[in-house]
Amino acid sequence: MGTQFLELLAREASAVEFEGPIIEARARGADPATIEELEQAKVEALKVRDLLKRRARREAELSALYDTAGDLAALRDLDAVLEAIVHRARQLLATDVAYMTLHDPEQGDTYMRVTDGSISAKFRALRLAMGAGLGGLVAQTATPYSTADYFADPRFRHKHDIDEAVKEEGLVAILGVPLRLGQRVIGVLMAANRSARPFHQEEVSLLASLAAHAAVAIDNARLLQETRNALEELSQAHRTARARGEAVERAALAHDRMTSLVLRGGGIEDVAAVVTDVLGGSLAVLDDLGRPLTGDVGELDAGVFESAQVSRALGRTVRRGDLLIASVDVGGEPLATLILRSDDADERILERAALVCALLLLFRRSVAEAEGRVRGELLDDLISRPGSPGLADRARRLGVDLSAPHVVVVVRHEGQRERAAFWASSQATLRHGLAAGRAGEVVLLLPGDNAGGIAQRVAAELSASLQVPATAGASKVCLPGVPGAGDVAGDVAAAYQEARRCAEALIALGRAGDGASAAELGFVGLLVGDGRDVRGFVGRVLGAVIDYDARRGTALADTLAAYFGSGGSPSRTAEAMHIHVNTVTQRLDRIGKLLGDGWLEPERALEIQLALRLHRLGHTSTP
């Protein structure tokens, strides 16, 4: 009899099939004792069946836990591990839905992290406040809760949004267990059915085991991510340190090259060549006035010079588009600015190059200032100490040939005294002359014989440098190369006084910012010039008329004198000279052609009358 039930157990028959042997025995007419024995065998067989079923379930649970542990051991993707745990919970508990919520420390609630079997978008986006609903209560109390009918269970605090989402999902029976890390709850693992059903303790224990694995997975993932982040930070720090070390080494090598060049007598161009060799791109070096000393990076706008000011204020390189700008100042005054056109370059090298260039320019300025003091002292001695011995020898040692024609220029200005003196010293050095700075003026002794042209050039250039008008008076002086220094100094002193009077006359005439010698000042030049070149003045103003009279035997000069004497009236001129008025008109036409347009303008007419008076007084004869 027991063989039939063993066969049923062997093929895992359903509980209903175990009634078969009893029904067959009754059909054969078995006695009551036999039927009773079969009933007992059925009961024992069903007990064995239930035991085998529980063991099979336990084996499946253990297998699932083993698989989960394996997933954790090979953890690569946290999402995949959590999804596997939720899926296994749904399968092992034979529920319609399984899901997991995690704690959000910023908002203080829990949010849906993983779902399996869910069909409602609202449910998948659900957030549970602490203590709200079954999941919120589990998260708050760290205690498992289950219900066979959620909406009929008074233990839970129902909220409208939560109930709406649960109803949309169609859930009735719910089981929830906490995800715990030590004493801290980080979430809730839940399984739910769309029909009423109780959850047994074994199911609670199984879900709790899976929740423990999920908590371990989350913590392992956190630790793994922190480890990865730490390794990445260390790797990045190592790369940064190595890159900085390489940059420092490269900057040091470039600095050594630039320093070596300077020690060997190299200049700004050599330093610029090192920079472009190391960094590439194109480089321009500007002086304190923003003028290029070497290189070319194209047209520079006002923004570049504003960036240079920022660079000086910050003491580091400033980027403007594809330009790197490093500028160095001394005492608040710009000294050198380097502009590199490059997409990517080491700023340290450019900053060191700017410093080296600034030192070179500062050294040059110091040398120039020292030489300028020597040249200034010599010019002061030529002007104020004509009896000093050895002036010509001192000039020769400075490269100044006092035997050649020179021009003394006195420039009056209202600008920066030091800048004006430095500019004058630089000009004197470049042109093999001398320069000295005085209060409100600078004095130059420059080779040449075009006093007016030199004065105009000096006035224009210094005005541009100072950004204020600089007025220059000049006087030509021929320095005979005689051994005696007294004669040389005397010539320079006289020329200095005349040039100074010319500058003062220009300012008095409202021509500040202009330059001229006595010759360009017309009759005023007769007043300020030491030579009193009356013959030259008459020749410049009236020479064409006097020459015409001398060649043709005419009386144009006399007619011109009578015309001015009669107040500019042709008829009164004719009466005074006893000639016809038409003759006066013809002579005036000829005079106009000889003197040129504008001869009757007030200033020109005044010079002509003064020349006529001097000519008639006999101070000059026909040139």
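- Remark: His432 NE2 is loosely packed, at most 12 non-hydrogen atoms of other residues, nucleotides or ligands lying under 6.0 Å away.
- When all heavy atoms of Ala326 and Thr317 are compared, the pair lying nearest together is CB-OG1, 3.9 Å.
- Ring-plane geometry between Tyr145 and Phe156 is classed as perpendicular, the angle between the planes exceeding 60 degrees on a 0 to 90 degree scale with a lower cut at 30.
- Ser465 contributes no side-chain N or O that, together with a main-chain N or O of Glu461, makes up a donor-acceptor pair within less than 3.5 Å.
- At a threshold of 4.5 Å between non-hydrogen side-chain atoms, the residues Arg228 and Leu231 do not count as touching.
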- Message: Determine whether His87 and Gln91 satisfy the following criterion, side chain to side chain donor-acceptor pair (under 3.5 Å), listing intermediate values before the conclusion.
- Response: CA-CA 6 Å; His87 181 68; Gln91 285 185 324; 3.1 Å; yes
- Item | Test side chain to side chain contact (heavy atoms under 4.5 Å, CB included) applied to Val458 and Leu446, step by step | CA-CA 10 Å; Val458 168; Leu446 302 175; 4.2 Å; yes
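- Residue Tyr99 comes nearest to Ala192 through the heavy atom pair CE2-CB, 4.2 Å, listed as atom of the first residue, atom of the second, then distance.
- To the nearest 0.5 angstrom, Glu232 atom CD is 5.0 Å from Arg239 atom CZ.
- Taking Thr240 as the reference, Gln236, Arg244 meet the side chain to side chain contact (heavy atoms under 4.5 Å, CB included) condition, with sequence neighbours excluded.
- Heavy atoms of other residues, nucleotides or ligands lying less than 6.0 angstrom from CZ of Arg124 number more than 12.
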- Task: Please test Arg412 against Thr471 for side chain to side chain donor-acceptor pair (under 3.5 Å), starting from the C-alpha separation and ending with a verdict.
- Result: CA-CA 5 Å; Arg412 305 300 297 272; Thr471 308; over 6 Å; no
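- For Ala132, the side chain to side chain contact (heavy atoms under 4.5 Å, CB included) criterion is met by Ala129, Arg157, Lys159, Ile162, not counting sequence neighbours.
- Taking all atoms of both residues into account, the shortest heavy-atom contact from Thr147 to Arg155 is CB-NH2, 4.0 Å.
- Side-chain N or O atoms of Thr143 include one that pairs as donor or acceptor with a backbone N or O of Thr141 at under 3.5 Å.
- The closest side-chain heavy-atom distance from Leu189 to Val86 is below 4.5 Å.
- Side-chain atoms of Ser311 come within 3.5 Å of backbone N or O of Ser327 as a donor-acceptor pair.
- When all heavy atoms of Ala459 and Gly515 are compared, the closest pair comes out as CB-N, 4.0 Å.
- Annotation for Ala211 and Val177: closest pair CB-CG2, 3.6 Å, computed over non-hydrogen atoms.
- One distance of note links CG of Leu338 with CG of Leu323; it measures 12.5 Å at 0.5 Å rounding.
- Between the CD atom in Glu168 and the CG atom in Leu171 there is a gap of 11.0 Å [rounded to 0.5 Å].
- Residues satisfying the side chain to side chain contact (heavy atoms under 4.5 Å, CB included) criterion with Arg180, sequence neighbours excluded, are Ala142, Pro178, Gln183, Val185.
- With a 4.5 Å cut-off on side-chain heavy atoms, Ile119 and Arg194 count as touching.
- Under the 3.5 Å distance criterion, the side-chain polar atoms of Asn193 are matched with a main-chain donor or acceptor of Asp96.
- One distance of note links CD of Glu441 with NE2 of His413; it measures 8.0 Å at 0.5 Å rounding.
- Ser205 contributes a side-chain N or O that, together with a main-chain N or O of Gln201, makes up a donor-acceptor pair within less than 3.5 Å.
- Minimum heavy-atom separation, Leu444 to Ala424: CD2-O, 3.9 Å.
- At a cut-off of 3.5 Å, with distance as the only test, a side-chain donor of Glu169 or Ser118 sits close to an acceptor on the other residue.
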- Test log, rule side chain to side chain contact (heavy atoms under 4.5 Å, CB included), inputs Tyr111 and Leu102: CA-CA 6 Å; Tyr111 65 95; Leu102 293 182; 3.9 Å; yes
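- Here Met130 contributes atom CE and Thr110 contributes atom OG1; the two are 7.0 Å apart, rounded to the nearest 0.5 Å.
- Using a 4.5 Å cut-off on side-chain heavy atoms (C-beta onward), Leu462 and Val442 make contact.
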- Message: The test is side chain to side chain contact (heavy atoms under 4.5 Å, CB included); show your working for Ile325 and Thr337 and say whether it passes.
- Response: CA-CA 7 Å; Ile325 304 166; Thr337 300; 4.0 Å; yes
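- Taking CG from Leu82 and CG from Asp116, the interatomic distance works out to 12.5 Å, rounded to the nearest 0.5 Å.
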- Query: After noting the C-alpha distance and the side-chain angles of Leu207 and Phe199, does the key distance pass the side chain to side chain contact (heavy atoms under 4.5 Å, CB included) rule?
  - Reply: CA-CA 11 Å; Leu207 195 61; Phe199 288 98; over 6 Å; no
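- Taking the side chain as every heavy atom from C-beta outward, Arg127 and Asp104 approach each other to under 4.5 Å.
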